[in-house]
J.: 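Take this structure first; my questions come after.
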Protein chains: 2
Amino acid sequence: MDNLEHELNTHCLSNWPAPPHSLIATDPLYRQFRSVQAAFRRRAQSAMTDCGCPQLLHGSANVLLQLEEQDRLTLTELARRCEIDNSSLTALVDDLQRAGLAVRERDPSDRRQVHLLLTDQGRTVAPLVRRVWQQVQQIAFQNVSIEDIEQMRLVLQSIETNLNAR
Amino acid sequence: MDNLEHELNTHCLSNWPAPPHSLIATDPLYRQFRSVQAAFRRRAQSAMTDCGCPQLLHGSANVLLQLEEQDRLTLTELARRCEIDNSSLTALVDDLQRAGLAVRERDPSDRRQVHLLLTDQGRTVAPLVRRVWQQVQQIAFQNVSIEDIEQMRLVLQSIETNLNAR
DNA sequence: TATTGTTATACTCTATAACTATA
DNA sequence: TATAGTTATAGAGTATAACAATA
């Protein structure tokens, strides 16, 4: 165990001063993120059900919104924008296709590529889903000022960059 | 589809003014949370490995830290503090016990209850794990001011409360 | 009957590796 | 050989429901 202690001090901690107590005593930040993220997904999913929007996986709804911003993307590009692996996207696209909101279309000039297209129904539903998500954000942001939210987004972006660096 | 539109307007949106464009055009907030949370877990897990800490599930490490704050909790109380279901806790406790960091002990006066106790090894390892998590937070917070972080925590707390209300 | 904890099961999100079909 | 997409598989995190033991 002494080795472990030594290892930790040598390789891990030497460059990091002790953080202020207030930041660490309670509530690891990751817990707050987990809780907020889970609550967000729960609310969005039940709001979609309440509004009669098609029952979609949370991930599929996200793909739908990406597609609404730009239609006809290839699957690889869609996966990149959703920040998930190609293989993770397949099931979500299947979900959208099953719900009749999008269709795959193979690219004739490069038959390896598949584009995803909104159907008419998809074009109708996407804005509704977007509004439901906005509504959940509205609920989340009750009694929080715009400035605080924008500031938080900036901080989140910094944290994201820091954690993904190297 | 008209029904859907009508339903949405009637039951879901009437109370919510349109949010400012900057909040919604890009990047749903949930994506940022997902990304930060995943990055946090990834970094913490690889930092634990680098430092020779026992290989624990992220969730088990969390239980360990709760237990360090108060030893000998019942499993139900631990689950409550970790904000997970009783049934979800079982595997995490198994994980800790397998690693030799904690042991279950049945309460003699109410034999339904099981308390979880840190072992000597658990008492040694817990502060190291805590420091690894702190280190990850330090990485996350590079070039972010204390004030911004504290402010973000407050906003997160409001959001959490708002989303879980009702 | 109610409570504590476990088991069985399932769902979501995600990834890696192996595969098919193109290029 | 390299790329686009799919399939098979697995692992982590979570929940619900049924259950056993105990109160």
Side-chain angles (χ1 to χ4, degrees), chain A residues 30-31 33-42 44-46 48-49 55-63 72-98 102-117 164, chain B residues 28 30-31 33-46 48-49 55-63 72-98 102-116:
Chain A
Y30 113 92
R31 192 208 61 75
F33 287 133
R34 169 168 66 81
S35 171
V36 168
Q37 199 213 333
F40 194 95
R41 186 174 51 224
R42 241 186 343 265
Q45 227 138 18
S46 84
M48 290 211 289
T49 306
Q55 291 255 353
L56 292 175
L57 298 179
H58 192 71
S60 308
N62 191 34
V63 174
R72 221 178 179 63
L73 292 169
T74 64
L75 297 189
T76 293
E77 177 57 21
L78 256 179
R80 197 191 62 72
R81 296 193 185 195
C82 295
E83 301 188 77
I84 56 176
D85 193 86
N86 246 321
S87 64
S88 305
L89 182 63
T90 299
L92 306 181
V93 171
D94 290 347
D95 193 34
L96 287 177
Q97 197 149 2
R98 200 178 316 115
V103 286
R104 287 175 169 91
E105 190 182 84
R106 198 162 279 279
D107 187 320
S109 70
D110 181 346
R111 294 188 40 76
R112 289 172 305 182
Q113 292 190 134
V114 174
H115 299 267
L116 195 61
L117 282 69
N164 290 319
Chain B
Y30 114 92
R31 196 210 57 78
F33 287 133
R34 168 168 67 80
S35 170
V36 168
Q37 200 213 331
F40 195 95
R41 186 172 51 225
R42 239 184 346 263
R43 291 294 287 239
Q45 226 138 17
S46 82
M48 290 210 287
T49 306
Q55 291 254 352
L56 292 175
L57 299 178
H58 192 73
S60 308
N62 191 33
V63 173
R72 221 179 179 55
L73 292 169
T74 66
L75 296 188
T76 292
E77 177 57 21
L78 257 179
R80 196 189 62 73
R81 295 192 186 196
C82 295
E83 302 187 75
I84 57 176
D85 193 86
N86 246 321
S87 64
S88 305
L89 182 62
T90 300
L92 306 182
V93 172
D94 289 348
D95 194 34
L96 287 176
Q97 197 149 3
R98 201 177 315 115
V103 287
R104 287 176 169 92
E105 190 184 83
R106 200 162 276 281
D107 187 321
S109 71
D110 181 346
R111 294 188 39 77
R112 288 173 305 183
Q113 293 191 129
V114 172
H115 299 268
L116 195 60

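We use all heavy atoms of the structure for the numbers below, so side chains are in, but hydrogens, waters and symmetry mates are not. All chains are named by letter (A, B, ...) in the order of the sequence lines, taking the proteins before the strands, and each is independently numbered beginning at 1.
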J.: Determine: side-chain N/O of B:R111 to OP1/OP2 of D:dT22, distance under 4.0 Å, yes or no.
T.: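 For D:dT22, OP1 or OP2 has a side-chain N or O of B:R111 closer than 4.0 Å.
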J.: In whole Å, what is the span from the CD atom of A:E77 to the P atom of D:dT3?
T.: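 The distance from CD of A:E77 to P of D:dT3 comes to 16 Å, rounded to the nearest Å.
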J.: Specify the closest pair of heavy atoms between A:C82 and B:R34, including all atoms of both residues, with the distance to one decimal.
T.: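 Smallest interatomic distance, heavy atoms only, reads O-NH2, 3.0 Å.
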J.: According to a strict under-4.0 Å criterion, is A:R42 in side-chain N/O contact with OP1 or OP2 of D:dT14?
T.: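 No, outside the criterion.
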J.: What's the CD-C1' distance between B:Q37 and D:dG13, to the nearest Å?
T.: 9 Å
J.: With heavy atoms under 4.0 Å as the rule, sort A:D110 into base, sugar-phosphate or nothing.
T.: sugar-phosphate
J.: What I want to check is whether an N or O donor and acceptor connect the side chain of A:S87 with the base of C:dT16 at under 3.5 Å.
T.: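 Indeed, a donor on one side and an acceptor on the other fall under 3.5 Å apart.
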J.: Counting only side-chain nitrogens and oxygens, does B:R104 get under 4.0 Å of the OP1 or OP2 atom of C:dT6?
T.: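 Answer yes for this pair, as a side-chain N or O of B:R104 is under 4.0 Å from OP1 or OP2.
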J.: Report yes if at least one side-chain N or O of B:R34 is closer than 4.0 Å to OP1 or OP2 of C:dT14; otherwise report no.
T.: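 Yes.
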J.: How close do A:D107 and A:H115 get, heavy atom to heavy atom, and via which atoms?
T.: OD2-NE2, 2.9 Å
J.: Among C:dA21, C:dT3, D:dT14, which nucleotide has an atom closest to any side-chain atom of B:R112?
T.: C:dT3
J.: Closer to the 5' end of DNA chain C via nearest nucleotide, is it B:L75 or A:S60?
T.: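 Of the two residues, B:L75 wins.
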J.: Can you tell me how far C1' of C:dC11 sits from CG of A:L56, to the nearest Å?
T.: 16 Å
J.: What is the minimum heavy-atom distance between B:A39 and A:N164, and which atoms define it?
T.: CB-OD1, 3.5 Å
J.: To the nearest Å, how far apart are A:L92 CG and C:dA15 P?
T.: 11 Å
J.: Which heavy atom of A:L89 sits nearest a heavy atom of A:L75, and at what distance?
T.: CD2-O, 3.1 Å
J.: The side chain of A:L57 lies closest to which of these nucleotides: D:dA21, C:dC13, D:dT7?
T.: C:dC13
J.: CG of B:L116 versus C1' of C:dG5: gap in Å, rounded?
T.: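 These atoms are roughly 13 Å apart.
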J.: Mind checking whether B:L116 and B:R104 have side chains closer than 4.5 Å, heavy atoms only?
T.: yes
J.: Taking the side chain as every heavy atom from C-beta outward, state whether A:L92 and A:L78 have any pair of such atoms under 4.5 Å apart.
T.: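 Answer no - side chains too far apart.
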J.: For the pair made of CG in A:N62 and P in C:dC13, what is the distance, rounded to whole Å?
T.: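 For the pair A:N62 CG and C:dC13 P, the rounded distance is 10 Å.
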J.: On DNA chain C, does the nearest nucleotide to A:R106 precede the nearest nucleotide to B:R106 from the 5' side, or the other way round? Give the residue.
T.: B:R106
J.: May I have the distance from B:L78 (atom CG) to C:dT4 (atom C1'), rounded to whole angstrom?
T.: 14 Å
J.: So, under a plain 3.5 Å distance rule, would you say the side chain of B:S88 forms a donor-acceptor pair with the base of D:dA15?
T.: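 Indeed there is one.
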J.: Closer than 4.0 Å, any side-chain N/O of A:T90 to the OP1 or OP2 of D:dG5?
T.: no
J.: Could you check how far CZ of B:R41 sits from C1' of D:dG13, rounded to whole Å?
T.: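 So the CZ-C1' distance, B:R41 to D:dG13, works out to 7 Å.
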J.: Can you tell which of D:dT22, C:dA15, D:dG13 lies closest to the side chain of B:H58?
T.: D:dG13
